[in-house]
Structures are given as structure tokens and as C-alpha cells.
Amino acid sequence: MSLLGDDTGAVIQDSYGTFYWLIAIGSAAGWHLRGTRVLCELADEVTYLGVPPVDWTEPSHKGNTHWRVPIGPGRYLTDARLLREALAAADHAEHGPRVEGRQLCVRCQLPTDEAILVGAEGGSIGGAVYACARHAPECRRHDPLVLLEALRRGPGV
């Protein structure tokens, strides 16, 4: 949120710590950011988002879902272009360069479109090792120079 500063619109935070920015319908179509989910209407999927009362601006005994950035005049929707830029910058700072294409997660062995470079197979001479966004925090990060070399070589064999 700090990357957006005063340009952010209203933001809901749920009891799990997840943030929900309100943006114009359809303005996030085609977004592919690691750790970011766009809630939209799909033919086979329904998502419900609890919207707290306007005066719930702090977590309380009534529930932890609250307005992290209160809704009000002049603060409704966030500009989707600015939000995407801020989320992409935060993603890059947290997880490094974005990897193109699907990769297998080293932990769960499932393919992910949100691959995060976490290591080099075989130490400094092997290929890149990836994790999904869920498992990346569990992985020990390697020396950045080793990771860059592994990224240059591509996925491990």
C-alpha cells in the first residue's frame, strides 16, 4: 500500500491479513502477478467477499475484517494501472525477476505459473530450482549471484 501512497482507493483487510483493493470491473483482466488473485465472475466459479460496515476501520472483537484504508468521498476505487505497477514492483522486490512459463515447485512438485527462483540444483553449477508462491517462503534463498547464473542456465535437468 505504501507504493501507492495517496493514490490508493479503499482497501479491505480480512482476518487472514489479505488485502482487497476495489477497482473498476474488468480493469484487471489478464493480470498475472505472483501471489495476486483477481476476484471476478467466472462461469464455474463464485467468490464472496464480506464487506465490513463503514465504521469498522480497526480489527475488533466483532471480527478482524475491516477497512485498512477507509472508504469515503474521493476514496472508493483504486486506479487499476497504478495498482498493477505497485503490485509488480512489490513482487519484484520480494521475489526477484519474474520467470516466464510454467515451472515445477521443488516442494509440492506441481506446475505453477507463479514460479519463484529459490535455488540452484547441484550448488553453483546446476540449473534453476523454483517454488510456487505458497512454498517459496519455506525455501532457503541462495547467493544472488548463484541464482542469476542458475536462471541463465534454465531449469535443472
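These numbers were taken from a predicted model, which means no experiment stands behind them. Along the sequence shown, residues carry numbers from 1.
Between the CZ atom of Arg75 and the CG atom of Asp7 there is a distance of 9.0 Å, given to the nearest 0.5 Å. To the nearest 0.5 Å, the span separating CD1 on Ile23 from CG on Leu82 amounts to 11.5 Å.
The minimum heavy-atom distance between Gly50 and Thr65, with the atom names listed, is O-CG2, 4.1 Å. In this structure, Val38 and Ala28 approach most closely via the heavy-atom pair CG1-CB, 3.7 Å. Among all heavy-atom pairs drawn from Trp67 and Val51, the shortest one is CZ2-CG1, 3.6 Å. Nearest heavy atoms, Ala80 versus Ser27: CB-OG, 3.3 Å. The minimum heavy-atom distance linking Ile12 with Pro52 is given by the pair CD1-CD, 3.9 Å.
Proximity of Val69 to Thr78: side-chain heavy atoms (C-beta onward) are nowhere separated by under 4.5 Å. Counting only heavy atoms from C-beta outward, the side chains of Pro59 and Trp56 never approach each other to under 4.5 Å.
Among Leu104, Leu110, Thr112, Val106, the one residue that satisfies the side-chain contact (heavy atoms from CB on, under 4.5 Å) test with Cys108 is Leu110. Residue Arg68 is tested with Thr57, Val11, Asp14 for a side-chain contact (heavy atoms from CB on, under 4.5 Å); the sole match is Val11.
Atom CG of Leu49 sits in a crowded spot, with more than 12 heavy atoms from other residues, nucleotides or ligands closer than 6.0 Å.
There is a side-chain donor-acceptor pair under 3.5 Å between Thr8 and Trp21.
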